[in-house]
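Working notes for the structure below.
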Amino acid sequence: MDATDEERPLLPLQSQDVGSEYTRDGSVDINKEPALKHSTGNWRACFLILGVEFCENMTYFVISRNLVTFLTTVLHESKVDAARNVSAWVGACFLTPVVGAFLADTYWGRYWTIVVFLPVYITGMLIVTVSASLPMFSTSSEHGNVHRSVVYLGLYLAALGSGAMKPCTSSFGADQFDSTDLEELPKKASFFSWSFYMTTVSTLLSSTVLVWLQDNVGWGVGCAIPTVFMIISFPVFIAGSRVYRFRNLGFSPLKSLCQVIVAAVRKCHLQLPENKSLLYEPSNSSSTTEASHKIQPTNQFRFLDKAAIVLPPSDETCNKPMSSWSLCTVTQVEELKILLRMFPTWASFVIFFAVNGQMSSTFIEQGMAMDNHVGSFAIPPASLTIIAVLSVLVLVPVYEIISVPLVKHFTGQDKGFSHAQRIGIGLSLSMIMMVYAALLEMKRLAIVQSSGLADHNVAAPMSILWQTPAYFLQGVSEIFSCIGMSQFFYDQAPDSMKSVCAALGQLAIASGAYFNTFVLGAVAVITTSSGAPGWIPDNLNEGHLDYFFWMMATLSLLNLAMFVYSSTRHRENTAS
């Protein structure tokens with residue numbers, strides 16, 4: 001296996017005709033027959049899947065963008081309680097993907113997981129919409145607790161449905177392209193770009209039109225519109241069943257991983273054979289993993305190879321079949337190794353999303369301490385996030401239509417940039433964004449000092465438009481990193497764990513948010529311990545938000561260095 005295998009999905013060992021009318025990656029149609037290339041999959045199927053993904057994301061963002069306002073103005077919760085409840089709900093949305101991914105990879109498949117949880121999502125949204133619309137759900141003392149309970153029931157049903165679908169929609173869309181077909185393989189890379197593009201469009205629509213409707217027309221109307229879209233998407237998705245390509249389910253992925261660990265520990269006293277071919281891997285297609293792809297042994301994490309050591313038969317065991325908790329295949333072992341090699345990249349995204357989380361917190365606070373007037377118009381500081389959204393809407397088509405064909409001539413990659421290159425560029429831009437924010441804050445504080453406003457909690461005479469480059473850099477960094485993340489977790493994932501690995505991306509978002517919360521809390525405690533106002537006081541003119549930004553920039557630099565090192569090691573180990 002050469003170094004380029006890092007960017008190439010594993011191919012089936014069996015050979016088939018290049019001109020075959022059937023797909024060669026083991027996919028089947030709705031009737032479990034081999035999938036025909038000309039009548040299944042490809043973009044004809046992806047349009048329907050992207051439609052469901054668009055509706056799911058639009059519904060999620062219409063809640064998350066304005067939930068804190070709903071809780072404080074309608075349910076009359078305190079700001080602290082509302083902020084905590086919003087964080088808990090968002091965290092649930094990005095933790096529940098593990099549930100959906102496990103069910104998809106082990107029992108139901110991605111298609112049926114979507115079919116099951118899409119109605120759950122719709123039910124949750126119907127409950128939220130009705131509770132926000134009908135006068136019987138008032139906030140009086142008599143009905144207030146009932147109203148609150150109904151709202152949270154709907155919210156967490158929606159969180160369960162949303163989370164369970166998230167790792168399945170993108171993976172199911174990628175399943176529509178044959179990884180062994182050189183014509184379809186580049187289309188799969190484009191699918192992830194357009195998937196991210198549709199997510200961004202839904203974010204823009206939710207953050208502008210639908211949020212405005214919630215604030216100015218009514219919460220019921222603002223929630224009803226995405227709910228109607230969700231209801232329509234369900235039969236449309238079902239109607240496309242005959243054009244979808246499906247993957248056969250294999251062995252339970254989590255059980256397989258546990259078996260490798262247990263078997264390796266039980267054989268820890270044994271010596272590994274010099275010849276790797278002596279390790280256990282059945283030659284027939286009906287193996288314990290029931291997988292259509294077999295993976296060659298690698299040199300990293302050699303201890304785990306002991307799980308595949310075949311013990312000589314003894315008098316007690318010669319007539320008994322070997323337990324799968326005592327003997328695992330090489331493919332099972334290598335699947336665990338793949339996940340372990342993914343961990344450094346996953347950790348890099350935790351830091352990336354923690355840094356990007358500043359866009360919805362400290363960037364807005366910085367904007368509130370700046371002059372937000374352009375002529376007679378006052379720009380809400382939070383609305384500048386639309387710059388990041390617009391940059392994605394404009395630059396994703398530019399990247400796919402212009403940049404990829406151009407870069408392909410220099411890199412030799414069908415996708416333009418490799419996974420590592422694309423992610424590395426995104427991490428670098430994220431670091432530059434924090435450097436710019438730190439320099440901007442230093443400039444703002446210098447103006448505050450020269451104007452004699454340091455002791456006053458007022459905006460500095462500096463235009464908020466100076467924040468525009470930071471938001472632009474944030475949007476561009478997401479184009480590279482987030483799309484690269486989706487491609488990486490899908491392409492590098494073992495066949496039996498595509499949804500589980502897609503859920504890792506959602507877990508990175510949740511972990512980044514929680515890590516950001518931890519860092520902000522630690523900074524607040526440490527910098528105010530001696531009675532000082534701290535780095536991020538209520539009056540930013542007395543603080544040093546620039547120190548915090550420099551700290552995050554340094555963390556980004558270390559994160560980038562770790563990613564470069566781990567990706568280099570990853571190439572070396574996959575080449576061995």
Side-chain angles (χ1 to χ4, degrees), residues 25-30 35 40-41 45-60 92-125 157-177 179 188 191-192 194-196 198-199 202 229-230 233-241 243-250 252-254 482-483 485-510:
D25 60 354
S27 57
V28 297
D29 59 21
I30 188 67
T40 63
C46 287
F47 289 137
L48 302 175
I49 299 169
L50 286 174
V52 172
E53 190 172 31
F54 173 84
C55 294
E56 185 274 316
N57 280 288
M58 179 177 64
T59 306
Y60 165 76
C93 288
F94 288 102
L95 291 176
T96 49
V98 177
V99 176
F102 174 74
L103 293 173
D105 283 343
T106 307
Y107 298 109
W108 298 344
R110 288 178 268 282
Y111 171 81
W112 286 109
T113 303
I114 296 173
V115 169
V116 169
F117 282 100
L118 185 52
V120 174
Y121 203 165
I122 293 172
T123 301
M125 285 305 300
L157 279 176
L160 176 61
S162 173
M165 287 174 59
K166 283 183 187 296
C168 297
T169 49
S170 60
S171 297
F172 190 53
D175 287 345
Q176 306 310 307
F177 301 99
S179 298
K188 183 174 70 174
F191 167 79
F192 287 111
W194 290 113
S195 173
F196 186 70
M198 294 298 290
T199 299
S202 64
F229 274 91
M230 290 285 287
S233 71
F234 184 58
V236 171
F237 178 74
I238 297 294
S241 299
V243 300
Y244 298 142
R245 294 176 185 173
F246 303 84
R247 302 300 175 109
N248 288 317
L249 294 178
S252 171
L254 297 183
C482 293
I483 298 174
M485 176 185 72
S486 298
Q487 287 181 272
F488 174 82
F489 283 125
Y490 182 87
D491 286 347
Q492 298 297 304
D495 278 354
S496 61
M497 302 181 192
K498 296 291 187 185
S499 298
V500 169
C501 290
L504 291 178
Q506 309 299 327
L507 283 177
I509 297 175

Q: Taking all non-hydrogen atoms of both residues into account, name the closest pair between C55 and T59 and its distance.
A: O-OG1, 2.8 Å

Q | E56 versus S162, closest heavy-atom pair with distance | A | OE2-OG, 2.6 Å

Q: Check A45 against V243 and note the closest heavy-atom contact, atom names and distance.
A: CB-O, 3.7 Å

Q: Tell me whether the guanidinium CZ or amine NZ of K188 lies under 6.0 angstrom from the six-membered ring centre of Y490 and within 45° of its axis.
A: no

Q | Atom pair CG (L50) and OG (S202), whose distance is rounded to the nearest 0.5 Å | A | 11.0 Å

Q.
With a 3.5 Å distance limit and no angle check, can you tell me whether T123 reaches the backbone of L157 through a side-chain donor-acceptor pair?
A. no

Q | T199 versus E53, side-chain donor and acceptor atoms under 3.5 Å | A | no

Q.
Once rounded to the nearest 0.5 Å, what's the spacing between atom CD of Q506 and atom CZ of F489?
A. 10.0 Å

Q) Can you tell me how far CZ of R247 sits from CG of D105, rounded to the nearest 0.5 angstrom? A) 11.5 Å

Q | Y111 vs S241, side-chain hydrogen bond (donor to acceptor under 3.5 Å, both in side chains): CA-CA, chis, key distance, verdict | A | CA-CA 9 Å; Y111 171 81; S241 299; 2.5 Å; yes

Q | Spacing of C168 atom SG and I114 atom CD1 [to the nearest 0.5 Å] | A | 5.5 Å

Q. Mind checking whether F117 and W108 have parallel, tilted or perpendicular rings, split at 30° and 60°?
A. tilted

(Q) If I compare all heavy atoms of F191 with all of G173, which pair ends up nearest, and what's the gap? (A) CZ-CA, 3.4 Å

Q. Are the aromatic rings of F172 and Y244 close, with centres under 6.0 Å apart?
A. yes

